[in-house]
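What follows is a single structure, written as structure tokens, with notes after it.
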Amino acid sequence: MTAFRTHTCGELRAEHAGQKVTLAGWMENVREVGNNFAFVVLRDFYGTTQVVVETAEMSRIFKSINKESTIQVEGTVRLRESPNKKLPTGEIEVVPEKVAVLGRCRYNELPFEINRSRDADESARLKYRYLDLRNPAVKNNIILRCQVVAALRQAMTAHGFMEITTPILTASSPEGARDYLVPARKHPGKFYALPQAPQQFKQLLMTSGFDKYFQIAPCFRDEDARGDRSPGEFYQLDMEMAFASQEDVFAVLEDVLPPIFARYGTYDVASSAPFRRIGYTEAMETYGSDKPDLRIDLTVKDISALCQGLGFEPFEGRTVKAVPVSGCHLTRKQIDKLCADVEVQAGRKPYWLRSDESGALAGGVAKFFAGKEDELKNALSLGPDTLVLIAAGKKTEAQKTAGVMLKMAGAQVPGHMDEKRYEFCWIVDFPMYEIGEESGELEFCHNPFSMPNGGLEVLLSAERGEVDPLTITAFQYDLVCNGVELSSGAVRNHDPDIMIKAFEMVRLGEEDVKAKFPAMYNAFCYGAPPHAGIAPGVDRMVMLLAGESSIREIIPSP
RNA sequence: GGCCGAGUAGUUCAGUCGGUUAGAACGCUAGCCUGUCACGCUAGAGGUCGAGGGUUCAAGUCCCUUCUCGGUCGCCA
């Protein structure tokens, strides 16, 4: 009950029959079914209620109002002669006595029909986002977002985490993206940077003695948009724990996320705690991706050795990866389409061949395997009716292309993907270092502030030449769900000595650490707790829960 | 920034080999209709075919330039 209404438009039921009520909402539709006889649909946030028009006077009043105007209707509830079981309020209707226009819609033609706004052109939807959001199907994703955020807060609080806010106007931070800059009025020529993540602040909080921190944190990165990535700003469930290991972080999310996915998601949660852990190297070998979609039952096989000396130039001296797709009955045209799709995404065209119903190899590059058919069949455990997609190139290229082939084939060839479930996994053991493509020298692979597995010892061994630095892994991890990278996190390097040594490996030193991150470095010199954290993307999570493929569907004002 | 695709009525789209007056559905307007709920029926209004240039007797359609949007790669924890 407010000044404008006694009930909402989603509230009235049979038991309200006979009551005098006042409703307020948008005039969604008018169905004229006779002379001076019509049904008006009134809509507010909570639902719709039918208003019945039976007199010439009421008919005249409603005819003078454009759809989507806001109106107030005072009247009496009565049972419908022909109820509609599909609607929560379908048993009743309101007989109006007084109608007032609260907010007139000046246009009788809208940019799109409210209830079909999702079919409209996206730029029109965004321009008229306030109309788009009147569509319950659009609005419900935003409601879902609110519920998920509330549930996350509740779960994190229940796990003993405290929500602490961190600055928005700050100094440039260590992440790799471009910063957004804000001119500083009092210091002409200088700028604030908007945080790409609250990374440094939360680590300082750990050093201060706060034990468990979290925040639904806005992050700002000046990068181009993607279907699953908002341009500019997005939100993370940022968290950090003191005196904690990688497994401690995993345990929290394995406890927090599945119930929320189960309750608010479109599908069932197929993974139970503990989620599967997959090493980075293994993920790249087996799935051709560091964000595998475990709903797909296909894997990548290495056939490099087998493919030498075939007389097929693209395979010579290259890494060759194959993805066998069993039970495949695609036509030649469909296979070409699949390969073209892979080429668009991976930038490299895959090769292919297939086994027919008798198991004989045919098509594509099959002829080059003459004399080696059995070897290939054994290597791939090849049965009949199987399409083999093949990628060749430098190791990383071949892996990446194979990963795209795997996801494309999984999505397009029936029987290899059970779409309607959530499959979580952790990708662990990311390499600490790599050989830079441009420099040709050793560089940090990811975040330089992750703790190397093996600590100072392993770095010293590498320095003495006993350990290949490329084999050093970091306590750095990604949480992946259905092929979407939900989150990445790490056990942080809290020890200045290890930090300096890690930097020395890439020809940097203490001065560079100090220069780049003075606050954190200094703080760690006063006794820091070992700590670890992670930051799942809220937008991507809601996207998965809503079953949407565009991140703009779950953001109120994209 | 590279590549691919799209742009035609308020909206979503069709438009054949370049050929008469550019069509459909929804929406809108008017009329009919007393139980609809994606109401139904009849009629009508509504178009700079994204923009500019070119080829041609003739361009929505072919060519060039350009703009906008989407996807993707680069980029991005």
Side-chain angles (χ1 to χ4, degrees), chain A residues 28-43 48-56 59 63 66-68 78-87 89-91 93 107-128 131-132 173-179 196-197 199 219-232 234 236 238 290-291 340-348 400-401 404 427 430 437 445-450 474 476-480 484-490 533-537 540 549-550 552:
Chain A
E28 179 172 293
N29 193 18
V30 181
R31 289 187 290 270
E32 285 183 79
V33 294
N35 193 19
N36 295 332
F37 185 64
F39 299 103
V40 175
V41 179
L42 191 63
R43 178 192 70 236
T48 59
T49 298
Q50 175 168 292
V51 175
V52 63
V53 175
E54 294 172 312
T55 65
S59 182
K63 263 192 177 173
N66 280 337
K67 284 188 197 175
E68 293 304 318
R78 81 173 178 207
L79 293 176
R80 289 195 197 183
E81 257 177 56
S82 42
N84 184 345
K85 282 180 191 152
K86 288 187 282 185
L87 297 175
T89 61
E91 284 185 292
E93 62 197 1
Y107 308 97
N108 58 13
E109 259 181 324
L110 302 171
F112 43 76
E113 289 168 67
I114 301 297
N115 283 326
R116 293 180 198 175
S117 69
R118 292 192 56 134
D119 297 332
D121 178 67
E122 191 167 18
S123 51
R125 293 178 60 193
L126 295 180
K127 182 175 176 188
Y128 299 98
L131 295 180
D132 188 28
S173 68
E175 332 288 316
R178 282 184 294 268
D179 282 323
Q196 296 182 24
Q199 189 64 32
C219 304
F220 305 90
R221 289 177 195 161
D222 186 6
E223 298 298 339
D224 291 345
R226 282 289 180 280
D228 65 350
R229 189 170 84 196
S230 345
F234 58 94
Q236 291 185 332
D238 190 47
D290 58 1
K291 33 188 179 183
D341 288 348
V342 170
E343 190 184 5
V344 167
Q345 266 211 22
R348 262 175 295 276
K400 195 182 150 195
T401 307
V404 174
I427 306 299
F430 278 82
E437 267 182 37
C445 201
H446 294 278
N447 188 331
F449 298 96
S450 302
Q476 167 118 21
Y477 36 84
D478 280 3
L479 177 59
V480 173
V484 175
E485 181 192 317
L486 265 191
S487 172
S488 67
I534 194 162
R540 282 190 186 170
S549 57
S550 167
R552 292 183 291 274

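Convention: sequence-line order gives letters A, B, ...; per-chain numbering from 1.
Within the 4.0 Å cut-off from OP1 or OP2 of B:rG74, at least one side-chain nitrogen or oxygen of A:K400 is found. Close to B:rG71, at under 4.0 Å from its OP1 or OP2, lies a side-chain N or O of A:R552. Contact between the side-chain N/O atoms of A:K67 and the OP1/OP2 oxygens of B:rC28 is found at a separation under 4.0 Å.
Here B:rU34 is the nucleotide among B:rU34, B:rG74, B:rU12 with the atom lying nearest to any side-chain atom of A:N35.
For RNA chain B, each stem of at least three Watson-Crick or G-U pairs (distances under 3.5 Å) is given as range with range: B:1-7 with B:67-73, B:10-13 with B:23-26, B:28-32 with B:40-44, B:50-54 with B:62-66.
In this structure, A:D290 and A:E109 both approach RNA chain B, and ranking their closest nucleotides by distance from the 5' end singles out A:E109. Ranked by how close their nearest RNA chain B nucleotide is to the 5' end, A:Q476 and A:F37 are led by A:F37.
Residue-level contact check: A:R78 touches the bases, meaning some heavy atom is under 4.0 Å from a base atom. Counting any heavy atom pair closer than 4.0 Å across all strands shown, A:S123 reaches no nucleic acid atom. Using a 4.0 Å heavy-atom cutoff across all strands shown, A:Q236 reaches sugar-phosphate atoms only and no base atom. The residue A:P83 sits close to a base: some heavy atom pair falls under 4.0 Å. Backbone-only engagement by A:N29 is indicated by non-hydrogen atom pairs under 4.0 Å involving sugar-phosphate atoms exclusively. As judged by a 4.0 angstrom heavy-atom cut-off over every strand, A:N108 is placed among residues touching the sugar-phosphate backbone only. Here A:L110 lies in heavy-atom contact (under 4.0 Å) with sugar-phosphate atoms only. Nucleic acid contact class of A:D121 (heavy atoms, under 4.0 Å, all strands): sugar-phosphate only.
Inspection of the A:N29 and A:K67 side chains reveals an N or O donor paired with an N or O acceptor under 3.5 Å.
The shortest heavy-atom contact between A:D290 and A:I427 is O-CG1, 3.3 Å.
Side chain of A:T89 to main chain of A:Q50: no donor-acceptor pair is present (N/O by atom type, distance under 3.5 Å, no hydrogens or angles).
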